[in-house]
Structures are given as C-alpha cells and as structure tokens.
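Below: the structure, in structure tokens.
As the structure is a computational prediction, the values presented were derived from the model and not from experiment. Position 1 is the first residue of the sequence; numbering continues from there.
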Amino acid sequence: MINREQIPAVLDHPVLDEGGKKIGEAKHVFLDDVTGAPEWVSVKTGMFGTSETFVPIREARVVDGHTEVPYSKSKVKDAPHVDVDGGGHLSEDEEHRLYEYYGMDWDASWSRANQPGEGGWAHGDGQGAGGAAGAAGAAGTAGAAGGTGTAGAAGTGTAGTAGTAGMAGAAGGQAPGRRDDAMTRSEERMHVGVERRETGRVRLRKYVVTEDEERTVPLRHEEVRVEREPITEENRDAALSGPEISEAEHEVVLHEERPVVETEAVPVERVRLTAEEHTEEETVRGQVRKERIESSAEEAREDRGGMGPERP
C-alpha cells in the first residue's frame with residue numbers, strides 16, 4: 001500500500017499495469033477523509049494525455065521510479081469518468097461507482113474506517129482523523145498530501161486534491177452529528193481531441209520495361225538496267241574503235257541501303273513524392289450524463305395545478 005511519505009515518488013511518475021505496460025502519468029493522489037491515507041491516484045491516459053482516470057492504490061507499490069497497480073491497462077482506461085476539477089473532492093456517488101467498477105467492498109471499507117481508535121471518529125475533541133486531515137488540507141499545510149494541500153516534497157503539483165467523501169463520517173473538520181444539507185449536482189463534460197495516426201504508405205519504385213517501337217525510313221538500292229542504242233553518225237567512231245569481232249565483259253557494282261538501329265539513354269523527367277495536408281470538418285457526437293435536482297414540494301404544487309419554479 002502507498003503511504004503518505006511515498007506520494008512525491010508517485011506524482012508525475014509513470015503508472016504501470018499488472019503486465020508491466022505503461023498506463024500513463026500520475027497527476028493527483030486522493031486521500032481518505034477519515035484515515036488520511038492515500039486512497040486513489042488519477043492517471044493521465046490517451047495519446048495526448050486528454051483523459052484522466054482513477055485507480056485505487058491500496059495494493060499498489062512504488063518500484064524504481066514508477067508505480068505498479070494490480071489492474072490491466074484496458075481496465076483502468078475504461079473506469080467510470082470522474083470530474084477531477086469538480087472541487088477537488090470525490091462525491092459519494094462517484095466513489096460508489098469506482099468501488100463497484102474495481103470490485104471493492106464499500107461496506108467493509110466504511111466499517112473499517114469508522115472503527116473506534118482506527119482513525120475514525122472516536123476522539124475526545126469530537127474531531128476524528130478525517131476532520132484533522134480536512135482542516136490541514138484546507139489550510140494548505142499537508143506537505144505530501146492531505147485534504148487539498150500541495151505536495152511540498154515533490155514540488156510538482158497537488159497531491160490528492162481531497163479525500164473520499166463517502167467514507168467521511170466526520171470529514172472535512174465537521175464534528176459527528178453535523179450534516180451538510182446541500183446536495184451537489186454534477187454533470188459530465190465532453191472533451192474532443194485529435195490524434196494523428198498512419199493511414200498508409202506510398203513508395204516510388206523505378207523499374208525497366210521493354211516496348212516495341214516502329215519507325216519508317218527510306219532505303220535506296222540499285223538495280224541493273226540494260227540500255228541499247230542504235231549506231232548513229234554521232235557514236236559511229238566509238239563503236240568502230242575496237243576489233244571487228246571479239247569477246248568482252250563489263251561489270252557493274254550494285255548498292256543498297258539497310259536500316260541500322262542504335263539506342264541511347266536520355267533523362268526525360270524527375271519524379272518525387274510530396275504529402276499535402278487537407279483539413280476537413282467532422283461532427284463528433286457523444287453522450288454525457290447530467291444530474292437534475294427537484295424537490296417533492298415542486299411536484300406537489302404541480303399536482304395541485306400550481307405554477308412551480310421551472311426545473312433545472
């Protein structure tokens with residue numbers, strides 16, 4: 001169990017679950033109004049620390065700069081929502097819901113805390129340990145925690161911004177027999193945050209393909225053609241220049257053109273990937289619970305046909 005001297009080692013340090021996974025950072029330690037002992041720790045969870053949930057620390061222990069609790073991370077994250085900023089004190093209804101969620105015995109805790117001589121109400125001055133703790137907290141004198149004091153030893157924030165209201169038989173400095181007739185109305189607030197997550201990856205890959213390409217080019221070639229011309233006065237001398245009867249041979253070389261293909265690598269463009277950010281609006285809907293307070297006197301007036309005050 002965590003004691004008051006260990007509170008500075010809990011605040012703003014990691015809280016690990018039963019499997020050694022980090023749940024979040026410890027932000028507040030809440031004390032029991034009756035015994036003054038640490039009862040709950042609030043843990044910042046979520047990707048950006050936007051959620052704060054409660055974990056009992058009766059069976060927790062401080063080890064090597066972190067706190068270990070005997071619950072799973074999912075169990076803690078799904079705990080009932082409690083308004084940490086709602087006056088720095090747990091209401092009886094909030095504590096009942098937390099006790100039920102974590103499977104803790106409310107009646108046994110009440111009986112144990114209120115046993116005479118056990119830090120409950122049996123003190124000669126009519127003010128039990130819970131009253132003393134409440135008074136000390138209100139004065140801001142709790143060094144490590146108590147009531148609503150500041151964690152002087154840690155210097156990093158408030159330690160337990162109150163005790164558990166449901167177990168305070170004589171809590172907050174009130175003597176036994178006095179009762180607060182006011183009823184606290186609470187409601188939940190919905191906080192919407194954003195988280196950045198990976199949706200996919202795009203890669204550039206260069207590979208080689210072979211394509212067929214056609215080009216038409218003109219090709220020239222030579223063909224033999226026999227030309228005959230009659231003997232005329234103009235060519236007679238050339239025709240009679242040789243022997244009258246003889247054998248002779250003439251040769252003509254023929255030529256043709258053939259296509260020749262060559263290739264060369266030429267850079268044509270540069271390609272890169274860039275990410276563009278677009279902003280879209282999305283409507284988020286959720287359910288929040290709100291308490292309403294009405295009196296039986298208002299209902300009676302309505303039954304008689306009277307005009308009672310408007311209900312909140």
| Inter-residue atom distance I2.CD1 - I7.CD1, 0.5 Å rounding | 9.0 Å

| task | Take V41 and T67, measure what side chain to side chain contact (heavy atoms under 4.5 Å, CB included) needs, and give me the verdict at the end. | result | CA-CA 10 Å; V41 61; T67 303; 5.9 Å; no

| query | Out of curiosity, does L254 fall in the hydrophobic cluster containing V226 (side-chain heavy atoms, cut-off under 4.5 Å, transitive links)? | reply | no

| request: Measure from the side-chain N and O atoms of E257 to the backbone N and O of R220, and report whether any donor-acceptor pair falls under 3.5 Å. | output: yes

| Any side-chain heavy atom of H13 sitting closer than 4.5 Å to one from V10? | no

| query | Is the side chain of K75 donor-acceptor paired with the backbone N or O of Y101 at a distance under 3.5 Å, no angle test? | reply | yes

| message | Taking side chain to side chain donor-acceptor pair (under 3.5 Å) as the cut-off, I'd like each qualifying pair that reaches into residues 270-283, sequence neighbours left out, listed once. | response | none

| task | Report yes if some heavy atom in the side chain of R196 is under 4.5 Å from a heavy atom in the side chain of V194; otherwise report no. | result | no

| message | With side chain to side chain contact (heavy atoms under 4.5 Å, CB included) as the criterion, how do L273 and R203 come out once you've worked through the C-alpha distance, each side chain's angles and the decisive distance to 0.1 Å? | response | CA-CA 8 Å; L273 288 175; R203 295 184 178 89; 5.6 Å; no

| said: Can you classify the ring geometry of W40 versus Y99 as parallel (below 30°), tilted (30 to 60°) or perpendicular (above 60°)? | reply: perpendicular

| Straight-line distance of L98 CG to E39 CD, nearest 0.5 Å | 10.0 Å

| said: Taking N3's backbone N and O only, do any of them form a donor-acceptor pair with Q6's side chain (distance below 3.5 Å, no angle check)? | reply: yes

| field | Side-chain donor or acceptor of R289 paired with backbone N/O of S186 under 3.5 Å | value | no

| Under a 4.5 Å side-chain heavy-atom rule over Ile, Leu, Val, Met, Phe, Trp and Tyr, are V284 and V288 clustered together? | yes

| request: Output yes when K44 and E52 qualify as a salt bridge under the 4.0 Å nitrogen-oxygen rule, no when they do not. | output: yes

| task | Using atom types as modelled and distance alone, determine if a side-chain donor or acceptor of N235 lies under 3.5 Å from a backbone N or O of T232. | result | yes

| query | Looking at the rings of F30 and F54, which for Trp means the six-membered one, are their centres under 6.0 Å apart? | reply | yes

| message | For R258, is there an ion pair with E256 - N to carboxylate O distance below 4.0 angstrom? | response | yes

| query | Counting distance only, does the side-chain N/O of T53 pair as donor-acceptor with the main-chain N or O of A79 below 3.5 Å? | reply | no

| request: Using atom types as modelled and distance alone, determine if a side-chain donor or acceptor of H96 lies under 3.5 Å from a backbone N or O of E94. | output: no

| Got a salt bridge between E234 and R236, using NZ or NE/NH1/NH2 to carboxylate O under 4.0 Å? | no

| How far does NE2 of H81 sit from CZ of R189, to the nearest 0.5 angstrom? | 9.5 Å

| Nearest-0.5 Å distance that lies between atom CD1 in I57 and atom CD in E68 | 14.0 Å

| Ionic contact status for R225 with E223, cut-off 4.0 Å | no

| Under the side chain to side chain donor-acceptor pair (under 3.5 Å) rule, what pairs show up with a residue in residues 16-25, not counting sequence neighbours? | K22-E25

| request: Flag yes if more than 12 heavy atoms outside E59 fall under 6.0 Å of its CD atom; otherwise flag no. | output: no

| query | Thinking salt bridges, do R292 and E294 make one under a 4.0 Å N-O criterion? | reply | no

| What pair of heavy atoms forms the shortest contact from G65 to P14, and how long is it? | O-CD, 3.7 Å

| task | Run the numbers on V69 and I23 for side chain to side chain contact (heavy atoms under 4.5 Å, CB included), then give the verdict. | result | CA-CA 10 Å; V69 295; I23 302 174; 3.9 Å; yes

| note | Distance col, row E249:CD vs E247:CD, nearest 0.5 angstrom, shows 10.0 Å

| message | Between L16 and V76, is there shared hydrophobic-cluster membership here, with clusters defined by ILVMFWY side-chain heavy atoms closer than 4.5 Å? | response | no

| task | Run the numbers on E222 and H255 for side chain to side chain contact (heavy atoms under 4.5 Å, CB included), then give the verdict. | result | CA-CA 5 Å; E222 297 176 341; H255 298 86; 3.0 Å; yes

